[in-house]
Structures are given as structure tokens and as C-alpha cells.
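To keep things clear, I will list the structure first and then write my remarks on it.
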Number of protein chains: 2
Amino acid sequence: MGIGTLASRAGCQVQTVRYYEQIGLLPPAMRNAGNQRRYDNATLRRLTFIRHARDFGFSVEAVRELLGMADHPDMPCDHADAIAKRHLEEVEARIERLSALRDELKRMVAQCAGGRVDECRIVEVLSDHQQCLHAADHGGQQTIR
Amino acid sequence: MGIGTLASRAGCQVQTVRYYEQIGLLPPAMRNAGNQRRYDNATLRRLTFIRHARDFGFSVEAVRELLGMADHPDMPCDHADAIAKRHLEEVEARIERLSALRDELKRMVAQCAGGRVDECRIVEVLSDHQQCLHAADHGGQQTIR
DNA sequence: ATAAAACCTAAAGCCGCTATAGCTTCAAGA
DNA sequence: TCTTGAAGCTATAGCGGCTTTAGGTTTTAT
Ligand SMILES: [Zn+2]
Ligand SMILES: [Zn+2]
Ligand SMILES: [Zn+2]
Ligand SMILES: [Zn+2]
């Protein structure tokens with residue numbers, strides 16, 4: 001199949017497939033007489049695995065390792081498990097951080113009475129971190145992903 | 001004060017201050033005889049506002065609008081409120097998506113018995129989206145932030 | 001034969017900074 | 001006053017994970 005068919009079957013964009021080839025997640029594709037990439041079902045399965053892992057939020061580097069392990073079915077799965085556990089922890093940390101953020105935002109929005117900017121609770125809170133309840137949960141230089 | 005003092009009081013890096021000036025969040029700074037930036041307390045307050053809003057996860061464009069409104073205290077605050085509400089909704093959507101992800105990851109990790117790769121539940125699930133419970137909650141081409 | 005759709009490569013753009021390189025200026029101690 | 005080291009300057013590149021654009025070639029359908 002061509003790259004368009006492959007991409008649509010895997011649920012991603014054509015350029016993404018070429019990008020994955022470029023960074024070595026997919027092997028260099030076979031070409032037809034006119035230099036266009038041709039794929040088989042093995043590559044479709046590989047790409048589907050990649051997309052699924054990415055949808056799970058695994059980084060490209062993690063996906064690279066997971067793919068490497070999927071290529072060796074007779075090896076022990078310890079490392080795959082470690083990667084998944086670490087990712088789970090990261091996801092849980094993000095959820096906690098976002099939840100604190102959500103609470104603070106809710107409080108902010110709820111207290112706005114809809115008047116002038118200088119009476120607005122939103123602008124007021126943003127101007128003064130002291131007015132935050134869970135002050136420790138944001139204000140560092142961490143990202144909020 | 002100099003840029004280093006400003007940055008450390010606002011809790012950000014020196015380069016970030018210069019970056020904010022470059023993208024127009026901060027006005028072009030006054031310079032001393034040796035071409036170094038000098039700041040007053042008004043700029044410190046503005047930078048603190050920016051950092052606080054960024055810590056809340058507002059995008060730079062949202063911060064730009066919020067700043068514009070904070071500069072006009074006599075205007076109605078409708079738009080600030082709309083921005084905050086929309087951001088709250090986005091945060092809630094992220095939390096929901098991440099929670100579904102967390103559940104799926106937990107299930108995956110819990111079911112791994114620690115054997116060979118070809119018996120590993122993690123590799124198995126990643127290979128086959130059918131095995132996911134909340135299949136709809138991931139698998140699109142959305143990002144998982 | 002022609003035109004539209006799909007494909008090709010290479011390079012730039014996105015976000016929000018962060019880091020590097022190679023310079024100049026400032027502040028404090030001897 | 002001289003010297004050193006910290007702090008500042010500009011310009012540019014890099015991060016992740018793609019997406020977009022530009023300018024071409026090949027395939028496919030009529
Ligand atoms: Zn308001
Ligand atoms: Zn705060
Ligand atoms: Zn396992
Ligand atoms: Zn799935």
C-alpha cells in the first residue's frame with residue numbers, strides 16, 4: 001500500500017509517517033519505480049503500535065524502547081513494565097497538579113461578580129499569589145502539563 | 001534594579017525576561033549608560049502578573065489579553081472572565097482525558113505477570129487498541145496534555 | 001492527452017522558553 | 001588604580017513532536 005493508505009489506516013497524517021521514518025521509529029521504506037514508498041502489513045502493525053503508545057502519552061523515546069522490546073518476544077518484560085509504571089506515575093502527578101489548578105481556577109471564576117476590571121476577582125488573584133489557597137501547587141517554574 | 005534582580009524577585013530566569021520583552025509582553029526596558037536594562041517596581045508587578053498567569057496555565061496570548069485588560073481598570077471584566085472560564089474548561093477536559101489514560105495504564109500495569117515479552121500485557125495492549133476498555137478516550141490524534 | 005490527486009524532498013514554523021557562543025560592562029577587593 | 005569575576009549584552013540554535021509550506025514529480029482517472 002502507499003503512504004496515504006497506511007496513514008489513514010493507522011489514523012495519522014502522511015507527514016507523520018515520513019517523520020517517524022526520519023527519526024528511525026519506522027525502517028526506511030521500500031520504494032516503487034517512481035520513488036514512492038510502499039508498505040506491507042507488518043509496517044502497518046508497527047505504525048499502529050507507535051500511534052497507540054503515543055496516544056497513551058508515552059514519549060517517542062519510550063516508544064522506541066517499547067518497540068525494541070516488542071521485537072524480542074523471548075526476552076523478559078521487566079523493562080517494559082518499568083517504563084509503563086513510570087509513565088503511570090507521571091500521569092498521576094500531572095492529574096494532581098491540574099486538579100489543584102482547577103480548584104484555584106474554579107474559585108477565581110466563581111468569585112467574579114461581573115463588574116469592572118478593578119473589582120474583578122480574576123485580575124485580582126492573578127496580580128497577587130498571596131490570594132491563592134493552594135499556593136504551593138503552582139508558582140514554581142514547572143510546566144503544568 | 002537590574003535584570004537579574006528583577007528575574008529572581010519574579011521567580012523566573014533572566015533569559016525569560018528578555019524573551020518577554022522580545023514578544024512584547026514587557027515594554028522595551030530603559031537602559032543605563034552601559035546599555036544594560038534597568039527596571040522599576042511597576043515592571044516587577046507586571047512580570048509577576050505574567051508569571052502567575054503562566055503558572056495557572058494560561059497561554060501567552062491569553063496573558064497578553066489579560067494584561068491588556070488589567071491596564072484598563074474601568075472597563076467591564078466580561079472578557080477576562082470568559083478567558084478564565086474557557087481555560088477552566090480546557091483544564092477540566094485535560095483532567096478527564098488523563099484520568100481515562102491513568103485507568104487504562106493502571107489496568108495494563110496490574111495485569112502484567114512479569115514474564116516474557118510475548119506474554120506481557122503491556123506490549124499486548126499497546127499492540128491492539130481493541131483490548132482497551134475506554135477505547136474512545138484515546139486513539140484520536142489529539143494531544144494528551 | 002490532460003488534469004487532479006497523491007507523492008517526493010528540504011526547510012521552516014509552532015509553543016514557551018532554555019542554552020550556547022562570544023563579546024562588553026559592572027562591582028568589589030588588593 | 002588595577003584586576004578579576006560576576007553579570008549583562010546580542011544573536012542564534014535547540015527542545016519535542018509534529019505540521020506547514022514551497023516547489024517539484026508521479027500516479028490515476030477521465
Ligand atoms: Zn470579573
Ligand atoms: Zn498563586
Ligand atoms: Zn510485562
Ligand atoms: Zn487503546
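These numbers come from a predicted model, not from an experiment. As a basis for the values below, the full set of heavy atoms in this structure was taken, side chains included, without hydrogen atoms, waters or symmetry mates.
- A sub-4.0 Å separation between OP1 or OP2 of dC17(C) and a side-chain N or O of Arg54(B) is present.
- For Asp55(A) and dC18(D), the CG to C1' distance is 14 Å, given to the nearest whole Å.
- With respect to the salt-bridge test (charged N to carboxylate O, under 4.0 angstrom), the residues Glu89(B) and Lys85(B) do not qualify.
- Between the CE atom in Met108(A) and the CG atom in Asp103(A) there is a gap of 12.5 Å [rounded to 0.5 Å].
- Contact annotation for Ile23(A): no contact, since no heavy-atom pair falls under 4.0 Å across all strands.
- Relative orientation of the His52(B) and His129(A) rings is perpendicular, given thresholds of 30° and 60° on the angle between their planes.
- Atom CG in Leu6(A) sits about 14 Å away from atom C1' in dC7(C), given to the nearest Å.
- At dT19(D), one or more side-chain N or O atoms of Thr16(A) fall inside 4.0 Å of OP1 or OP2 (strictly under the cut-off).
- dC18(D) atom C1' lies 15 Å from atom CD of Glu61(A), rounded to whole Å.
- Atom OH of Tyr19(A) and atom C1' of dC8(C) are 19 Å apart (whole Å).
- For Tyr20(B) and dC15(C), the OH to C1' distance is 12 Å, given to the nearest whole Å.
- Among the nucleotides dT20(D), dC9(D), dG17(D), the one closest to any side-chain atom of Ser59(A) is dG17(D).
- In this structure, Phe58(A) CZ and Arg86(A) CZ are separated by 10.0 Å, a value rounded to the nearest 0.5 Å.
- A straight line from CD of Gln15(B) to P of dG8(D) spans 11 Å, rounded to a whole angstrom.
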Interface polar pairs with nucleotides 22-30 of chain D, N/O, under 3.5 angstrom:
unit_1: dT27(D); atom_1: OP1; unit_2: Gly34(A); atom_2: N; d: 3.2

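- Listed here is the closest heavy atom pair of Ile23(A) and Val60(A): CD1-CG1, 3.8 Å.
- Regarding Leu25(A), its CG atom lies at a distance of 10 Å from the P atom of dG17(D), rounded to whole Å.
- Under a 3.5 Å cut-off, the side chain of Thr5(A) and the backbone N or O of Met1(A) do not form any donor-acceptor pair.
- OP1 or OP2 of dC18(D) lies within a sub-4.0 Å distance of a side-chain N or O belonging to Arg51(A).
- The residue Arg18(B) sits close to a base: some heavy atom pair falls under 4.0 Å.
- Residue Arg64(B) contributes atom CZ, which lies 12 Å from atom P of dC17(C) at whole-angstrom precision.
- Using modelled atom types, no side-chain atom of Arg121(B) and backbone atom of Arg107(B) make a donor-acceptor pair closer than 3.5 Å.
- Taking side-chain N and O atoms only, Arg37(A) has no distance below 4.0 Å to OP1 or OP2 of dA6(C).
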